[in-house]
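Below is one structure, written out as structure tokens; comments come after it.
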Amino acid sequence: MKRIKQFYETVTSYFRSRIGKRLKSQSIQITISVSFTVVAMFGMGILGLSLYNQFARRMEDMTVQSCEQLLNQTAINLETYLRNMRRILDAMYYSVIKDKDLAADNMETEMNLLYEANKDNLISIACYTNYGNLVAAVPVATEKENPDIVNQAWFTAAVGQMENLHFSTPHVQNLFDNTSYRYYWVVSLSRAVELTKQGHPMLGVLLVDMNYSSIEQLFNKANTDNPSEYVYLMDSNGEIIYHPKQKLIYTDLYKENNLSAVHYEDGSRQESFQGEKRLVTVKTVSYTGWKIVSVVPMSSFDMGISGTRQFAFLFVSLSMLMIMVLNQLVSAKIAQPLRRLNRSVREWESGNMDPDIYVGGSLEVEHLGKTLRSAVSQLKQLMQDIVVEQEEKRRSELDALQSQINPHFLYNTLDSIVWMIEGERYEDAVFMITQLASLFRISLSSGRTVISIRDEVRHAKNYMNIQKIRYKNIFHMEFQIAEEILGCATVKLIIQPLLENAIYYGIECMDGDGEITVSGYRSGADVYLEVRDNGLGMPEEMVESLLKENNRVRAKGSGVGLINVHTRIRLHFGEQYGLEIESQPDEGTVARIHLPFLIYSEEDRK
């Protein structure tokens, strides 16, 4: 005790003589030093008094987390397995049964393919009518005598709830004769299906017998070597599907609290069963309502507590001594520079991209400040470079797409002029060349990619004047553009490709008078331009492929019109804008351009 007292007096004297004056001149350091010392020592005292309970709770929490992680992983593995079984069932139903007529078709080939691809996890696949008659089965199609199908639990469950999938408890497969004379434990997955015979629908049941050993292997991995801690599986009614002591349970040599655990919600709770306190963790499995249950005796938490208690006492004692000595030495030198540096970083975090990063204090803090200042400068320069790079990339892509559509239009127009000259229609050719010159004035637009809707509509009218002459007025053309949107901004050359498609694919090959209408209107903060024709139209699958980038279908045009227009609009205005196509065979097509409501100004001349 005397030595400790002498050591304390020596340390106190050192602080008073060496750094006392310096601390007095810096009140914030005194506050930090005194406050931290008092709080730390008080905290260490409280920690020393309550360390035993804390470690016990920590161990319990770690055990709970470990159990929950184990159950989550087990549930994921089980759900993956069951999901694969469900996919097999869905594939059999939607890809095979839906397309078969029992009066003329046989489904055993497709059923065999599914079975061979998944035979490691399957025992059999079978399909029955609602009267219990076997339609098809693999790998064995020979039924046992009088299997009484309609009274089987899996059959009645599927017929009783037709929209759901149904999982049975483990049982011996009892439907088919097996040449190897083996008996397989299975879990049956069944559902009601719609069968077709001679064109008439009828009710049926599809059955997949899953190999119970797959589930058993999955849970064998989850159970540890400690027999007192284990994981088991039960269905929504509390019937045990898997248990590491399942044989003992069946012979009444071991009891399990499964009928109570089935009512537990997901999570952990303590229970008392047969005089033993246990920690029970429950996790419900999707699709089935099955529950995975982990059981850990509370006595397992007492292991290692005594040794931890001794270590904690020694640790607290040494920590309190070190805090008293080191806090006075370190706080004055580190606290203030760190606070100033922290304020600089917070200013940066708040959104100021050009903060005044503090540089000072100890060598480490000063180096950190210099490094942060350099990082801020480099990040700022990098952001500027990225902005410039992205803008240049966007302009390059837009220019490339713009140059792609101009030859497309020029090719088709010149083709029309050549056709007229060959037919000695010189006045019409002169008129078309005049209209073409007008088109190019708008198309070039002094190098601009954005023009007003008024100019774009004028460009479209010039184009249709040319096409009317070429096609001898076989169609009627009408423009219905709302006055309020004529001054809005748009990417140029987007209506003309749609008109070209309406003529080539909708009007040219139809019998009777064609009608093409160009309408424009505003809806909220958006502008819509529609090109509507009463032509031949197209099926839905063709409509869905028109705006896909990998679409390479070409007919009379160059194949670049629609995707070009769609891509240019999205590059300039954003991903939420572009083209929408609606069409039905023999009912015509509507191509709708979606733009933002933005008034065209000189700033758009780029």
Return the [atom1] to [atom2] distance between [X] and [Y], rounded to the nearest 0.5 Å.
| X | Y | atom1 | atom2 | value |
| --- | --- | --- | --- | --- |
| Asn223 | Leu70 | CG | CG | 8.0 Å |
| Leu207 | Leu189 | CG | CG | 8.0 Å |
| Tyr505 | Leu546 | OH | CG | 9.5 Å |
| Asn501 | Asp533 | CG | CG | 9.5 Å |
| Leu579 | Arg570 | CG | CZ | 10.0 Å |
| Leu233 | Ile241 | CG | CD1 | 4.0 Å |

By ring-ring contact (aromatic ring centres under 6.0 Å, His included), which residues pair with Tyr115, not counting sequence neighbours?
none

Should the heavy atoms of other residues, nucleotides or ligands under 6.0 Å from [atom1] of [X] be counted, would the total exceed 12?
| X | atom1 | result |
| --- | --- | --- |
| Glu540 | CD | no |
| Lys119 | NZ | no |
| Glu265 | CD | no |

For [X], what residues pass the salt bridge (charged side-chain N to carboxylate O under 4.0 Å, His left out) criterion, not counting sequence neighbours?
| X | answer |
| --- | --- |
| Arg592 | Glu530, Glu580, Glu582 |
| Glu239 | none |
| Glu229 | none |

Where do Val262 and Asn258 land on the side-chain contact (heavy atoms from CB on, under 4.5 Å) test, with the steps shown first?
CA-CA 6 Å; Val262 72; Asn258 54 298; over 6 Å; no

Taking [Y]'s backbone N and O only, do any of them form a donor-acceptor pair with [X]'s side chain (distance below 3.5 Å, no angle check)?
| X | Y | value |
| --- | --- | --- |
| His166 | Ala157 | yes |
| Thr251 | Leu248 | yes |
| Thr129 | Asn133 | yes |
| Ser583 | Met538 | yes |
| Asp235 | Trp290 | no |
| Ser545 | Met542 | yes |
| Ser214 | Met210 | no |
| Arg568 | Leu493 | yes |

For the pair Lys291 and Lys283, evaluate side-chain contact (heavy atoms from CB on, under 4.5 Å) and give the outcome as yes or no after the intermediate values.
CA-CA 6 Å; Lys291 291 190 175 184; Lys283 173 70 176 179; over 6 Å; no

Kindly determine whether Leu122 and Ile125 satisfy side-chain contact (heavy atoms from CB on, under 4.5 Å), including the steps that lead there.
CA-CA 8 Å; Leu122 294 179; Ile125 305 175; 3.9 Å; yes

Assess the side chains of [X] and [Y]: does a donor N or O sit below 3.5 Å from an acceptor N or O?
| X | Y | result |
| --- | --- | --- |
| Asn77 | Gln73 | yes |
| Asn257 | Glu271 | yes |
| Asp266 | Thr284 | yes |
| Ser294 | Thr281 | no |
| Asn118 | Asn121 | no |

Is Glu194 paired with Lys100 through a side-chain N to carboxylate O contact shorter than 4.0 Å?
no

Any residue meeting side chain to side chain contact (heavy atoms under 4.5 Å, CB included) with Tyr94, in chain and number order, not counting sequence neighbours
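Once residues adjacent in sequence are excluded, the partners of Tyr94 under the side chain to side chain contact (heavy atoms under 4.5 Å, CB included) criterion are Asp90, Lys98, Arg191.
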
Passing option when His243 is tested against Phe219, Tyr250, Tyr232 for ring pair (Phe, Tyr, Trp, His ring centres under 6.0 Å)
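When Phe219, Tyr250, Tyr232 are each tested with His243, the ring pair (Phe, Tyr, Trp, His ring centres under 6.0 Å) holds only for Tyr232.
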
Tell me, with the steps shown, if Ile88 and Met85 meet side-chain contact (heavy atoms from CB on, under 4.5 Å).
CA-CA 5 Å; Ile88 295 172; Met85 296 302 102; 3.7 Å; yes

In terms of ring plane angle, is the pair Trp154 and Tyr128 parallel, tilted or perpendicular, where the classes change at 30° and 60°?
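Rings of Trp154 and Tyr128: tilted, as their planes differ by 30° to 60°.
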
May I ask you to decide if the ring planes of Tyr577 and His594 are parallel, tilted or perpendicular, using 30° and 60° as cut-offs?
perpendicular

Taking side chain as C-beta onward, heavy atoms only, is [X] less than 4.5 Å from [Y]?
| X | Y | answer |
| --- | --- | --- |
| Met111 | Leu114 | no |
| Asn84 | Arg87 | yes |
| Ile581 | Val590 | no |
| Met92 | Leu206 | yes |
| Ile123 | Trp185 | no |
| Ser519 | Arg532 | no |
| Val296 | Arg278 | no |
| Ile292 | Val282 | no |

For [X] against [Y], the heavy-atom pair lying closest together:
| X | Y | answer |
| --- | --- | --- |
| Leu134 | Ala126 | CD1-CB, 4.3 Å |
| Pro244 | Val231 | CD-O, 3.5 Å |
| Val293 | Leu71 | C-CD2, 4.4 Å |
| His171 | Thr169 | ND1-O, 3.0 Å |
| Ala158 | Ala192 | O-CB, 3.6 Å |
| Glu276 | Pro297 | OE2-CB, 3.4 Å |

Cation-pi check for Tyr264 against Arg269: NZ or CZ below 6.0 Å from the six-membered ring centre and within 45 degrees of the axis, yes or no?
yes

Quick one: side chain to side chain donor-acceptor pair (under 3.5 Å) pairs with a partner in residues 202-213, sequence neighbours left out?
Ser124-Asp209, Ser188-Asp209, Asn211-Ser213, Tyr212-Gln246

